[in-house]
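Report on the structure given below.
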There are 2 protein chains.
Amino acid sequence: MDHDKKDRLEGAGWRVGNAEDFLELSPEETAFVELKLALARFLRNVRVQQGWTQAQTAKRLGSSQSRFAKMEAADASVSVDLLVKSLLGLGATREQVGEVIARAA
Amino acid sequence: MDHDKKDRLEGAGWRVGNAEDFLELSPEETAFVELKLALARFLRNVRVQQGWTQAQTAKRLGSSQSRFAKMEAADASVSVDLLVKSLLGLGATREQVGEVIARAA
DNA sequence: TTCGACTATGTCGGATCGGACATATACTGC
DNA sequence: GCAGTATATGTCCGATCCGACATAGTCGAA
């Protein structure tokens, strides 16, 4: 978010921050959700890169469109296990998964 | 395993290989178990490095000695979620977790 | 605007996971 | 040997997860 928008929102009575501030997460909880978000974004990248729909990709993985949508949304009902297994199932390597976890915003 | 021992075993009718060969895992299944094993080893390293027992460490994490033993053993009943949460709970960073996943044998 | 393709969200039943307890095994000093 | 400490293994049941279905929302083309 740019400073202009942030200032406008805060001027209007909003507080602008991240999930940690808003939900008062502990540092390790924050790290965990960031890790999940990074994997979810990577999963979407992989799919879009290949020009696939959620339904196609889900079928490939033996899952459903709705669950795959939740994976990409890093829904609370989605485990890191599922994200990692899905990425590996789509051809990502262990090295790539690790890199994404280590370095993604 | 050294070649001598391998030869002796194979001479006696054993096949010597890795989990992938023995259980006939697919490449992504193999990558997944290796990833879990890497996290489990790292968890043990962190604990031993601090000079803690399993019981002490488990208590810190709000878990039990028996479950922590299974974490370190990468037991089938242990999820990657639990391993990652435990590592973060013991002070490991997201970057370290990613590195371990990407680079550990 | 209506249609069609794609994505998002809510829910449910069966499957898996996790803390806890009991118990077994391993190792060390006596 | 035995006792004490640490780790490993088996099991149970409540909690969470996952595929599936239904349905709602989004977007672009005709």
Side-chain angles (χ1 to χ4, degrees), chain A residues 19 23 25-26 28-90 92 97 101, chain B residues 19 23 25-26 28-90 92 97 101:
Chain A
L23 298 171
L25 300 178
S26 68
E28 61 263 33
E29 287 169 330
T30 304
F32 186 75
V33 306
E34 284 176 358
L35 185 153
K36 254 179 88 167
L37 286 170
L39 291 175
R41 279 192 296 268
F42 185 36
L43 188 62
R44 165 156 289 182
N45 286 346
V46 168
R47 174 180 69 83
V48 172
Q49 206 74 37
Q50 305 283 347
W52 294 333
T53 68
Q54 289 182 346
Q56 286 177 317
T57 316
K59 190 166 189 179
R60 227 170 236 268
L61 295 171
S63 182
S64 62
Q65 180 272 326
S66 61
R67 182 133 302 275
F68 196 85
K70 283 165 194 181
M71 291 186 214
E72 289 190 352
D75 187 279
S77 79
V78 171
S79 69
V80 171
D81 287 63
L82 186 60
L83 290 170
V84 169
K85 281 179 182 168
S86 298
L87 283 166
L88 296 175
L90 295 181
V97 171
I101 289 175
Chain B
L23 297 171
L25 298 178
S26 67
E28 61 262 32
E29 288 169 329
T30 305
F32 187 76
V33 307
E34 284 176 357
L35 185 152
K36 255 178 87 167
L37 285 170
L39 290 175
R41 279 192 296 267
F42 185 36
L43 189 61
R44 165 157 289 183
N45 285 346
V46 168
R47 173 179 69 83
V48 172
Q49 207 73 38
Q50 304 284 347
W52 295 332
T53 68
Q54 289 183 344
Q56 286 176 318
T57 316
K59 189 166 189 178
R60 226 172 237 267
L61 296 171
S63 183
S64 62
Q65 180 271 326
S66 61
R67 183 133 302 274
F68 196 86
K70 284 165 194 182
M71 292 187 215
E72 288 190 352
D75 186 280
S77 79
V78 172
S79 69
V80 171
D81 287 63
L82 186 61
L83 290 170
V84 169
K85 282 179 182 170
S86 298
L87 282 167
L88 296 175
L90 295 181
V97 172
I101 289 175

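Convention: sequence-line order gives letters A, B, ...; per-chain numbering from 1.
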Let me know, please, whether Ala76(B) or Ser66(B) comes out on the 5' side of the other along DNA chain C by nearest nucleotide. Ala76(B)
Could you tell me the separation between the CG atom of Leu61(B) and the P atom of dC17(C), rounded to a whole number of Å? 19 Å
Kindly indicate whether the side chain of Leu90(A), heavy atoms from C-beta on, has any atom under 4.5 Å from the side chain of Leu43(A). yes
I need the CE-P distance between Met71(B) and dC17(C), as an integer number of Å. 14 Å
If you walk 5' to 3' along DNA chain D, what is the first nucleotide with an atom under 4.0 Å of a heavy atom in chain A, and what is the last? dC17(D) to dA22(D)
5'-most by nearest nucleotide on DNA chain D - Asp81(B) or Ala69(B): Ala69(B)
Nearest 0.5 Å, what's the NZ-CG distance between Lys85(B) and Leu61(B)? 12.0 Å
Report yes if a donor N or O on one partner sits less than 3.5 Å from an acceptor N or O on the other, where the partners are the side chain of Gln65(A) and the base of dA8(C); otherwise report no. yes
Side chain proximity check, Arg47(B) to Glu72(B), heavy atoms < 4.5 angstrom: yes
For the base of dC21(C), is there a side-chain donor-acceptor partner from Ser64(B) under 3.5 Å away? no
Protein-nucleotide distance (Gln54(A), atom CD; dT9(C), atom C1'), rounded to Å: 12 Å
Does a side-chain N or O from Ser63(B) land closer than 4.0 Å to OP1 or OP2 of dG18(C), or not? no
Which residue pairs pass the salt bridge (charged side-chain N to carboxylate O under 4.0 Å, His left out) test with at least one member in residues 57-71 of chain A, sequence neighbours excluded? none
Can you check whether Val78(A)'s main-chain N or O pairs, donor with acceptor, with Lys36(A)'s side chain at less than 3.5 Å? yes
Roughly how far, to the nearest 0.5 Å, is the CZ atom of Phe32(B) from the CG atom of Leu87(A)? 11.5 Å
Distance in angstrom units between Asp75(A) CG and dT9(C) P, rounded: 8 Å
Between dT7(C) atom P and Phe68(A) atom CZ, what is the distance in whole Å? 9 Å
Is the shortest heavy-atom distance from the side chain of Leu37(A) to the side chain of Arg41(A) under 4.5 Å? yes
What's the CZ-P distance between Arg67(A) and dC12(C), to the nearest Å? 15 Å
